[in-house]
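Below, chain A is the first sequence line, B the second, and so on; all start at residue 1.
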Number of protein chains: 2
Amino acid sequence: MTDDAPPLDGEQLGAYFALMEVGSLLQHAVEQQLRASGDLSWVQFQLLARLADAPRGSRRMTDLADDVVYSRSGLTYQAGLLDKAGLITRQPSTDDERSTTVTITGAGRAVVARVLPGHVDVVRQLLFDPLSRHDLGTLGSVLTRVRDHMRAAPPRSAKPRSRTKPRPE
Amino acid sequence: MTDDAPPLDGEQLGAYFALMEVGSLLQHAVEQQLRASGDLSWVQFQLLARLADAPRGSRRMTDLADDVVYSRSGLTYQAGLLDKAGLITRQPSTDDERSTTVTITGAGRAVVARVLPGHVDVVRQLLFDPLSRHDLGTLGSVLTRVRDHMRAAPPRSAKPRSRTKPRPE
DNA sequence: TATTGTTATACTCTATAACTATA
DNA sequence: TATAGTTATAGAGTATAACAATA
């Protein structure tokens with residue numbers, strides 16, 4: 001709550017707005033492609049992609065929620081859809097019976113594979129076409145640094161995951 | 001539908017995912033700040049910010065929709081909320097009776113002013129803190145180029161009808 | 001008691017299509 | 001006819017809180 005913060009200068013504002021706008025436009029374009037080619041939402045694609053990349057195609061619910069969604073009930077909802085569509089399975093974890101292990105199925109991998117070429121196409125056309133190789137390197141390195149910073153320093157309000165006992169009444 | 005598209009290489013994938021992740025995390029953090037300090041959603045803030053920046057605090061509905069939202073009914077919904085809250089007014093345009101001119105009110109500007117310091121704080125902490133001046137410049141220039149490219153080449157499915165308008169006043 | 005996940009519920013938001021009014 | 005905007009509606013998605021089961 002530092003109120004004496006100096007305003008962002010023009011360069012910062014420009015970068016900030018450009019970033020948000022690019023993110024929005026890209027997500028929007030990609031969402032349409034995913035919906036058309038695989039009947040997937042952006043979140044669902046992200047979940048499948050993370051699973052496809054994970055060690056044995058598996059990941060715990062909470063970890064997935066940490067990755068892409070911001071509430072566990074939201075993830076339960078999405079996982080329910082993916083499960084019903086046969087793209088993932090859910091089993092109780094062997095080591096911790098409280099946990100649920102989510103695993104991508106063959107059908108899930110197939111959907112990812114089917115959707116990916118067009119997806120990549122959209123991203124390339126919108127994001128990479130106007131960029132030189134050098135631009136790409138810089139962009140990646142800068143954004144990776146920012147992401148790590150964001151992940152390392154959760155803004156304290158991002159997740160009330162540990163119930164802080166807010167004294168009910 | 002180019003199926004023979006080469007996949008994105010590792011560097012491209014990394015930049016793409018980092019961009020989307022950074023955008024999501026930043027938007028999420030900012031949204032919480034906006035909700036807490038001014039009871040605004042991200043879209044509503046964007047609308048008010050665009051209006052506050054516009055010539056006489058005014059803008060046409062369609063132009064606003066082009067700016068931030070992707071359907072005019074969606075904008076009507078948001079404008080209805082902002083109108084009811086007294087943050088904007090809507091009047092028929094003087095030159096074209098079909099158009100509606102949206103204008104930010106004093107209360108609207110006040111809300112923006114009240115919300116802005118904390119907003120800027122969040123953005124600085126999350127986005128700019130880990131960046132050098134040089135990084136910032138590069139990021140801004142690259143992303144601005146990308147945005148212009150995206151705006152210039154609508155992905156053909158972004159807007160069924162209304163977007164075909166390269167006709168200036 | 002703390003953690004994992006689900007459920008019930010209420011709410012926000014978005015988009016499509018039909019409609020009115022003006023150009 | 002084409003454009004600007006609203007409305008009706010329906011659906012997707014999200015978060016909060018209460019809940020059960022396990023650690």
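A:L40 has its side chain out of reach of A:V112: every pair of non-hydrogen atoms, C-beta onward, lies at least 4.5 Å apart. Using a 4.5 Å cut-off on side-chain heavy atoms (C-beta onward), B:L25 and B:H28 make no contact.
Here C:dT6 presents its P atom at 11 Å from CG of A:L64, a figure rounded to the nearest Å. The OH atom of B:Y77 sits 13 Å away from the C1' atom of C:dA15 (whole-angstrom rounding). Here the C1' atom of nucleotide C:dT14 and the CD atom of A:E31 are 11 Å apart, to the nearest Å. In this structure, B:Q44 atom CD and C:dT14 atom P are separated by 9 Å, rounded to whole Å. Taking atom CG of residue A:D63 and atom P of nucleotide C:dT3, one finds them 15 Å apart after rounding to whole Å. Rounded to an integer number of Å, the gap from A:L40 CG to D:dA12 C1' is 14 Å. Here C:dT7 presents its C1' atom at 12 Å from CE of A:M61, a figure rounded to the nearest Å. Remark: C1' of D:dT16 and CD of B:Q32 are 13 Å apart, rounded to the nearest angstrom.
Considering only residues two or more places apart in sequence or on other chains, A:D96 meets the side chain to side chain donor-acceptor pair (under 3.5 Å) condition with A:R98. Remark: A:R109 engages no residue in a salt bridge (Lys or Arg N to Asp or Glu O under 4.0 Å) (not counting sequence neighbours). Partners of A:R35 under the salt bridge (Lys or Arg N to Asp or Glu O under 4.0 Å) rule, at least two apart in sequence or in another chain, are A:D39. Annotation: salt bridge (Lys or Arg N to Asp or Glu O under 4.0 Å) contacts of B:D83 (sequence neighbours excluded): B:R90.
A:D135 and A:T138 are not linked by any side-chain donor-acceptor pair at a separation below 3.5 angstrom, with hydrogens and angles left out of the test. Side-chain N/O atoms of A:T101 and A:S93 include a donor and acceptor closer than 3.5 Å.
The two residues A:V122 and A:Q33 come nearest to each other via the heavy atoms CG2-CG, 3.8 Å.
OP1 or OP2 of D:dT6 has not a single side-chain nitrogen or oxygen of B:R72 nearer than 4.0 Å. A sub-4.0 Å separation between OP1 or OP2 of D:dT14 and a side-chain N or O of B:H28 is absent.
Only A:R90, listed by number, bring a heavy atom of residues 78-94 of chain A to less than 4.0 angstrom from any atom of DNA chain C. Using a 4.0 Å cutoff on non-hydrogen atoms, the parts of residues 95-104 of chain A near DNA chain C are A:R98, A:S99, A:T100, ordered by number.
Proximity note for B:T76 (side chain, C-beta onward) versus C:dC13, D:dT7, D:dT16: the nearest is D:dT7. Distances from the side chain of A:S41 to the nucleotides D:dG13, D:dA4, D:dA15 place D:dG13 closest. Distances were taken from every side-chain heavy atom of B:V43 (C-beta onward) to each of C:dT14, D:dT6, D:dG13; the shortest belongs to C:dT14.
In this model, a side-chain donor or acceptor of A:S73 finds a partner on the base of D:dA15 within 3.5 Å.
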